[in-house]
Amino acid sequence: MSERQNKEIGKRLQAARMDQGLSIDYIQEKTKIQKRYLMAIEAGKMNDLPGDYYVQSFVSQYANVVGLDSHKLLAGELQETNDNGKQSAPVATGPLPSRTTQHKQVVKESEFSRRFGKYAAYLPTIVVVVIVVVVLGTIWGMSHSGNSAQPHLTSSKVSVTDDASSSKKKQSASSKSSSSSSKEKSQKITQVGSSTTEYDLKDGPSDGSSLNIKAGTSNAWVSVSSDGTQSWMGTLQTGAAHTVKVAKGVSKVSISLGNAPQTTITVNGKKFNFNPQNDTTQTKTITLNIKD
């Protein structure tokens with residue numbers, strides 16, 4: 001879309017919002033789109049968004065909230081001219097909420113901000129504390145693991161047995177060892193606390209894990225990072241899949257999805273249910289902590 005079209009779309013969305021007495025924070029709450037992206041859309045600065053897929057997705061969600069037809073808006077059809085050749089105001093294609101409903105929504109939003117807004121100032125401190133705790137816990141875990149790996153010297157008695165008896169004992173021990181090792185490791189993915197975006201992967205392959213990401217009935221934008229370094233990023237076409245190999249020793253994998261409800265993830269050949277609540281949020285970042 002041209003810069004003129006972008007600005008026209010932004011003006012129509014902003015005008016529809018203001019006509020209904022809705023705040024930009026209300027739009028953010030309804031669409032789960034960051035406020036800075038909503039402001040960029042209203043200003044016609046579509047280049048500030050992550051990509052073309054997000055432009056169409058974000059504009060569509062915004063339009064649905066304020067009662068505009070997203071398809072016509074993106075196609076440039078929501079514009080009419082009057083007798084002087086000037087463009088008229090945007091045309092809403094859906095029923096708008098009543099004044100009473102709008103008032104209740106504004107009051108509810110103000111009450112939420114009053115109750116919980118004061119805690120926002122403490123968020124950076126909480127994040128720093130959590131990071132420090134995680135680092136200290138990792139250091140302690142590595143130290144404890146190193147100490148437990150040290151050999152322990154114990155006194156032993158030497159006894160002499162015949163070769164047949166010794167052979168039978170070795171075979172029995174070997175069979176027990178192989179039996180226990182086959183039951184020892186079974187991959188587990190568990191949710192971290194009450195978080196819906198962070199999971200622990202335990203007992204995965206010792207030589208590194210494998211992620212297979214597949215798009216459903218529509219395109220899906222995906223980005224994968226390993227320990228903060230981007231491993232792969234791209235847009236999967238409908239029904240297409242891509243496999244990302246996670247190197248041995250990586251402890252954290254971040255998977256950002258641009259069309260989460262239409263995307264499936266398989267970890268080491270087993271389906272990963274990262275959305276057990278069937279959330280319809282389009283953009284989502286999943287964190288997978290790989291444990292030894």
Side-chain angles (χ1 to χ4, degrees), residues 17 22-43 45 48-51 54 57-58 61-62 65 105-147 188-202 209 211 221-231 233 246 249-258 260 265 272-292:
R17 174 178 64 79
L22 304 177
S23 67
I24 197 75
D25 291 323
Y26 175 79
I27 304 298
Q28 176 182 245
E29 176 65 23
K30 288 296 182 182
T31 61
K32 309 302 181 184
I33 300 172
Q34 295 184 26
K35 186 176 181 179
R36 61 191 181 99
Y37 290 145
L38 295 174
M39 296 176 68
I41 291 173
E42 289 190 351
K45 298 179 180 179
D48 291 351
L49 274 63
Y54 286 97
S57 176
F58 288 179
Q61 293 181 66
Y62 193 144
V65 173
Q105 290 172 340
V106 172
V107 171
K108 182 178 179 181
E109 179 182 347
S110 300
E111 180 65 16
F112 181 85
S113 300
R114 183 182 67 81
R115 290 186 177 184
F116 303 103
K118 60 183 179 180
Y119 298 109
Y122 301 101
L123 186 59
T125 303
I126 295 173
V127 172
V128 171
V129 172
V130 170
I131 292 174
V132 171
V133 171
V134 170
V135 171
L136 292 177
T138 302
I139 294 175
W140 180 88
M142 293 175 64
S143 174
H144 181 73
S145 176
N147 291 334
K188 295 179 182 178
I189 298 180
T190 55
Q191 188 175 345
V192 177
S194 59
S195 174
T196 59
T197 58
E198 186 175 5
Y199 299 82
D200 285 342
L201 168 61
K202 297 181 180 179
S209 294
L211 308 179
W221 179 88
V222 183
S223 176
V224 180
S225 299
S226 299
D227 285 342
T229 302
Q230 190 174 70
S231 304
M233 180 180 71
V246 180
V250 171
S251 60
K252 179 177 291 186
V253 177
S254 295
I255 309 170
S256 298
L257 305 174
I265 301 176
F272 172 27
N273 184 14
F274 62 89
N275 188 14
Q277 291 80 22
N278 294 322
D279 186 9
T280 58
T281 302
Q282 293 291 316
T283 58
K284 181 175 290 188
T285 298
I286 306 299
T287 299
L288 196 59
N289 302 313
I290 301 178
K291 307 292 186 178
D292 293 333

Report yes if some heavy atom in the side chain of Leu257 is under 4.5 Å from a heavy atom in the side chain of Phe274; otherwise report no. yes

Considering all heavy atoms of both residues, which atom of Tyr37 and which atom of Phe58 are nearest to each other, and what is their separation? CD1-CE1, 3.7 Å

Are Ile24 and Glu42 packed together at the side-chain level, in the sense that at least one heavy-atom pair is separated by less than 4.5 angstrom? yes

Lys35: partners by salt bridge (charged side-chain N to carboxylate O under 4.0 Å, His left out), with sequence neighbours left out: Asp25

What are the two closest heavy atoms between Tyr199 and Pro276, and how far apart are they? OH-CD, 3.6 Å

Measure the shortest side-chain to side-chain distance between Val192 and Asn289 over non-hydrogen atoms and say whether it is less than 4.5 angstrom. yes

What are the two closest heavy atoms between Ser195 and Thr197, and how far apart are they? OG-N, 3.1 Å

Could you tell me which residues satisfy side chain to side chain donor-acceptor pair (under 3.5 Å) with Thr138, sequence neighbours excluded, listed by chain and number? none

State the CD-OG distance between Glu198 and Ser254, to the nearest 0.5 angstrom. 9.0 Å

Within a strict 4.5 Å, meaning less than it, do heavy atoms of the Leu288 and Ile189 side chains meet? yes

So, Arg17 versus Tyr26: side-chain donor-acceptor pair below 3.5 Å or not? no

Tell me, please, which residues at least two apart from Asp227 pass side chain to side chain donor-acceptor pair (under 3.5 Å). Ser251

Ignoring hydrogens, what is the shortest heavy-atom contact between Ile33 and Gln28? Give both atom names and the distance. O-CG, 3.1 Å

Does any non-hydrogen side-chain atom of Leu49 lie less than 4.5 Å from one of Ile41? yes

For Ser57, check side chain to side chain donor-acceptor pair (under 3.5 Å) against everything at least two apart and list the hits. Gln61

Regarding Ser226 and Ser231, do their side chains bring together a donor and an acceptor under 3.5 Å, going by distance alone? yes

So which atom in Gly258 and which in Tyr54 form the shortest heavy-atom distance, rounded to 0.1 Å? CA-OH, 3.4 Å

Inter-residue atom distance Ile255.CD1 - Ile265.CD1, 0.5 Å rounding: 4.0 Å

Once side chain to side chain donor-acceptor pair (under 3.5 Å) is applied, do any residues pair with Ser256, and if so which ones, sequence neighbours excluded? Thr285

Trace of the side chain to side chain contact (heavy atoms under 4.5 Å, CB included) decision for Val253 with Leu211: CA-CA 10 Å; Val253 177; Leu211 308 179; 3.8 Å; yes

CG/Asp48 to CE/Met39 distance, rounded to the nearest 0.5 angstrom? 11.0 Å

Please report the interatomic distance OH(Tyr62) to CG(Leu38), rounded to the nearest 0.5 Å. 6.5 Å

Does the side chain of Leu201 come within less than 4.5 Å of Phe272's, by heavy atoms? no

Apply salt bridge (charged side-chain N to carboxylate O under 4.0 Å, His left out) to Lys32 and list each qualifying residue two or more places apart in sequence or on a separate chain. Glu29

Please walk me through it: do Lys284 and Asn275 pass side chain to side chain contact (heavy atoms under 4.5 Å, CB included)? CA-CA 10 Å; Lys284 181 175 290 188; Asn275 188 14; 3.5 Å; yes

